[in-house]
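Quick caveat: nothing in here was measured; it's all calculated off a predicted structure. So you know, we letter chains A, B, ... as the sequences are listed, proteins then strands, and number each from 1.
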Protein chains: 2
Amino acid sequence: MDVKTADGPAFDAFAASCPSRRLLDTIGNKWASLVIVALGLEGRMRYSELSARIAGVSQKMLTQTLRGLERDGLLTRTVTPSVPVRVDYELTPLGLSLLGTIRHLKEWAEAHMAEVDRAREEYDRNSA
Amino acid sequence: MDVKTADGPAFDAFAASCPSRRLLDTIGNKWASLVIVALGLEGRMRYSELSARIAGVSQKMLTQTLRGLERDGLLTRTVTPSVPVRVDYELTPLGLSLLGTIRHLKEWAEAHMAEVDRAREEYDRNSA
DNA sequence: CAGCATCCACCAAGATACTG
DNA sequence: CAGTATCTTGGTGGATGCTG
């Protein structure tokens, strides 16, 4: 997280240049992580399949998300110039390695979110 | 990520009830992860120390973030009723375990973000 | 010192309509 | 089918001023 151990305003971690920050900006995105997980499961999907699979996403957000992930080298976009056009998306090796990282998050969540829920109830009860 | 393998609109992962979604909402937060990392390094910090350490955070956001993390059981808030008041924040065991998960993210970022950067340059060059 | 209250600006995200 | 274009909005986050 780019923590400065020296004195001064310390963290520059939130700066756009911090790798961790940029990673969180990516996977913290509501749709990006869903796209990655979907492609991780299916291996390769068409635009319309992704659209159907990820409930609630608008075309705009799906396209925007896919472009971003493509730009980051996390997935590839393949156009087959048939009629009508066919476009397939697939994770790159880089994208697959990130999928592994996301799974770690998932495991923490499944193991500990119940505890978080209990803490919330407790907190809300005491502050009501 | 609560993926439905059955047919239908498939993902309900983005729903508020999905543990992974909620975890990403937490650590995807710009300031929350910084607070956790800061407390992970220092072990225990006063409000003013956190404020000085995390450059650019407003009082509003810092307070809001701390309340959220306290509510989630990730840190404790200890008030010492001296004059003037003294308030200390410290990670709970739960918060410490999350710190470990965040470190995984950091490792991925440090190992792969350079590759992401290259992909971006390439992409931007080809679309210019 | 450690906050709460208020106001405001901004922009990401959704809805809608159109197209190669 | 797989998008693009445009408009609108809500809620996040910052600035400011005040208090136990």
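In this structure, the CG atom of A:D88 is 10 Å from the P atom of D:dG3, given to the nearest Å. Rounded to an integer number of Å, the gap from CG of A:L66 to C1' of D:dG3 is 11 Å. Between the CG atom of B:N29 and the C1' atom of D:dG11 there is a distance of 14 Å, given to the nearest Å. Across the protein-nucleic acid pair, A:K30 atom NZ and C:dA12 atom C1' stand 12 Å apart, rounded to whole Å. Between the C1' atom of C:dA2 and the CG atom of B:L50 lies a distance of 12 Å, rounded to the nearest Å. One atom, CE of B:M61, and another, C1' of C:dC4, lie 13 Å apart when rounded to the nearest Å.
Counting only N and O atoms by type, the side chains of A:Y89 and A:T78 include no donor and acceptor under 3.5 Å apart.
Closest to the B:K60 side chain, of the nucleotides C:dG14, C:dC7, C:dC1, is C:dC7. Considering only side-chain atoms of A:V85, the nucleotide from D:dG14, C:dC4, C:dG20 that sits closest is C:dG20. Taking every side-chain heavy atom of B:Q59 into account, C:dG3 is the closest of C:dG14, D:dG14, C:dG3. Among the nucleotides C:dG14, D:dG13, D:dG14, the one closest to any side-chain atom of B:S58 is D:dG14. Checked against D:dG14, C:dA2, D:dA2, the side chain of A:Y47 finds its nearest nucleotide in D:dA2. For B:R67, the listed nucleotide lying nearest its side chain is C:dG3; candidates were C:dG3, D:dC1, D:dG3. Here the nucleotide nearest the side chain of B:T63, chosen from C:dA2, C:dG14, C:dG3, is C:dG3. Nearest to the side-chain atoms of A:P84 among the listed nucleotides C:dG14, D:dC1, C:dC4 stands D:dC1.
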Please assess A:S97 against A:L94 for the test side chain to side chain contact (heavy atoms under 4.5 Å, CB included), listing each intermediate value before the final yes or no. CA-CA 5 Å; A:S97 78; A:L94 187 60; 4.2 Å; yes
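Classification of B:R21 and B:D25 as a salt-bridged pair holds, one side-chain N sitting under 4.0 Å from a carboxylate O.
Between A:L98 and the choices A:D72, A:L75, A:L23, the side chain to side chain contact (heavy atoms under 4.5 Å, CB included) rule is met once, by A:L23.
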